[in-house]
Amino acid sequence: MQYVLTEKQDATGIITLDHAEKRNALSEALVGEIIAALETFRTQGTRAVILRAQPGIKVWSAGHDVNELPAGGRDPLGWNDPLRILIRSIQESPIPVIGLIEGSVWGGACEVAMACDILVATPDATFAITPAKLGVPYNLGGLMTLVNMIPLPIVKEMLFTAQPLPADQAFNLGIINYIKAADEIGPFVMAMAERIGHNSPLSISVMKDALRLLSSAHAVTPDLFERIQGMRRIVYDSEDYQEGIRAFREKRRPRFPGK
Ligand code: YXS
């Protein structure tokens, strides 16, 4: 493991993002290590998993590794994209995943946080959903994750402005379960994980999967799906998309032509 640390404390597994020099960007390699750790914890009979970054971190994760986004002409968030595979791994894991959030969370990492079953954050935590900053058309499943966790007007504001949502507002909206000071959050989350571990893993895993199926049960006809995919293709084939990626690499504000 090069980009994450793993630790097992009794029936609780801890996965710590540990690639600070790249702000824990969700590269294929880092994502692969998280997925492998989730699977290992499942085979070890772990009862709860804590997904966190290093204590005191300023950036929990900077989101999708922009350098791994396609140059254009291909869906940047297709089914087999590492971010999409990670989201499904968290949501389909039979083990409850508690997101312990410190620092700022960006882009697809916000969806990773929202895919966790329970969120506990420090007061400095912020959540910024940024596809519009890059000219990326977020994918249908990803929007579903967000809409299931965040009230629609707030999702729209976050997507359209790409501005960070502070932890206190996220808590008031019920997006995160608790706000805890940096020196309390570790023991608090561990105690919650232990409480989960005392309950029936079979009951919990079935209820977790039932809730996932219920929350994603929306009638999307083939025509509707293809219409949305066609609209998304216009975006990822656009000059906006090219400009968003270019501006990120040139470390400047993008100037979107809107075409
Ligand atoms: O220049 P070096 O090699 O030192 O690397 C720099 C950054 O390039 C790198 N880095 C990233 N590399 C790939 N993908 C990223 N998302 C990413 N973010 C950062 O990490 C090194 C340190 O970055 P630096 O100097 O900017 O750090 P900072 O502390 O001054 O600023 C931290 C951030 C997070 C505010 C800043 O790095 C930033 O704004 N990062 C991009 C956040 C973002 O827009 N993420 C969305 C990625 S795209 C995505 O998630 C989805 C596809 S979508 O767009 O649909 O949501």
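Each ligand, and each atom within it, is numbered from 1 in the order the structure gives. The structure presented is a predicted model; accordingly, all values stated were derived computationally and were not measured.
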Partner of Arg52 under side-chain contact (heavy atoms from CB on, under 4.5 Å), picked from Ile98, Leu5, Ile101, Ile14, is Ile14
For [X], atoms of ligand 1 separated by under 4.0 Å from a heavy atom:
X: Gly108; value: 49 (C), 50 (O), 51 (C), 56 (O)
X: Val136; value: 55 (O)
X: Glu21; value: 20 (O), 21 (C), 22 (C)
X: Ala25; value: 13 (C), 14 (N), 15 (C)
X: Tyr138; value: 55 (O), 56 (O)
X: Asp65; value: 13 (C), 14 (N)
X: Leu134; value: 47 (C), 48 (S), 54 (O)
X: Gly63; value: 50 (O)

Could you tell me whether Glu226 and Arg233 make a salt bridge, using a distance below 4.0 angstrom between a side-chain N and a carboxylate O? no
Can you tell me which residue and heavy atom of the protein come closest to [atom], and the distance to 0.1 Å?
atom: atom 46 (C) of ligand 1; result: Thr130 OG1, 3.1 Å
atom: atom 54 (O) of ligand 1; result: Pro131 CA, 3.3 Å
atom: atom 12 (N) of ligand 1; result: Asn67 ND2, 4.0 Å
atom: atom 18 (N) of ligand 1; result: Ala62 CB, 3.2 Å

Is there a protein heavy atom less than 4.0 Å away from [atom]?
atom: atom 38 (C) of ligand 1; value: no
atom: atom 26 (O) of ligand 1; value: no
atom: atom 43 (C) of ligand 1; value: yes
atom: atom 33 (C) of ligand 1; value: no
atom: atom 29 (O) of ligand 1; value: yes

- Message: Using heavy atoms and a 4.0 Å limit, tell me yes or no: is Glu111 in contact with ligand 1?
- Response: no
The option among His64, Arg23, Lys22, Lys58 carrying the non-hydrogen atom nearest to atom 22 (C) of ligand 1 is Arg23
Please indicate whether Arg253 has more than 12 foreign heavy atoms, meaning atoms of other residues, nucleotides or ligands, lying under 6.0 Å from its CZ.
no
Hey, is CG on Asn172 packed in by over 12 heavy atoms from elsewhere, all under 6.0 Å?
yes
Exam field: side chain [X] to backbone [Y], donor-acceptor pair closer than 3.5 Å:
X: Arg232; Y: Pro137; value: yes
X: Ser200; Y: Ser203; value: yes
X: Trp60; Y: Phe127; value: no

query = Do Thr122 and Asp124 have a side chain donor and acceptor closer than 3.5 Å?
reply = yes
Indicate whether any N or O donor in one side chain lies under 3.5 Å from an N or O acceptor in the other, for Ser216 and Gln91. no
Q | Working for salt bridge (Lys or Arg N to Asp or Glu O under 4.0 Å), residues Arg255 and Glu239 | A | CA-CA 10 Å; Arg255 291 179 296 276; Glu239 290 177 37; over 6 Å; no
Exercise for the section: If the plane angle is over 60° it's perpendicular, under 30° parallel, otherwise tilted; pick one for Phe188 and Tyr178. Expected result: perpendicular
Could you go through residues 155-169 and list every donor-acceptor pair under 3.5 Å that involves a side-chain atom there, pairing it with any protein atom two or more places apart or in another chain?
residue	atom	partner	partner atom	Å
Thr161	OG1	Glu157	O	2.6
Thr161	OG1	Gln163	N	3.1

Note: Val66, heavy atoms under 4.0 Å from ligand 1, region reported as both
Q | Side-chain heavy atoms of Ile204 within contact of Pro96, under 4.5 Å | A | yes
Do Ser93 and Val49 have side chains that approach each other closer than 4.5 Å (heavy atoms only, starting at C-beta)?
no
If you measure every N/O of [X] against every N/O of ligand 1, is any gap under 3.5 Å?
X: Gly107; value: no
X: Phe248; value: no
X: Trp106; value: no
X: Lys251; value: yes

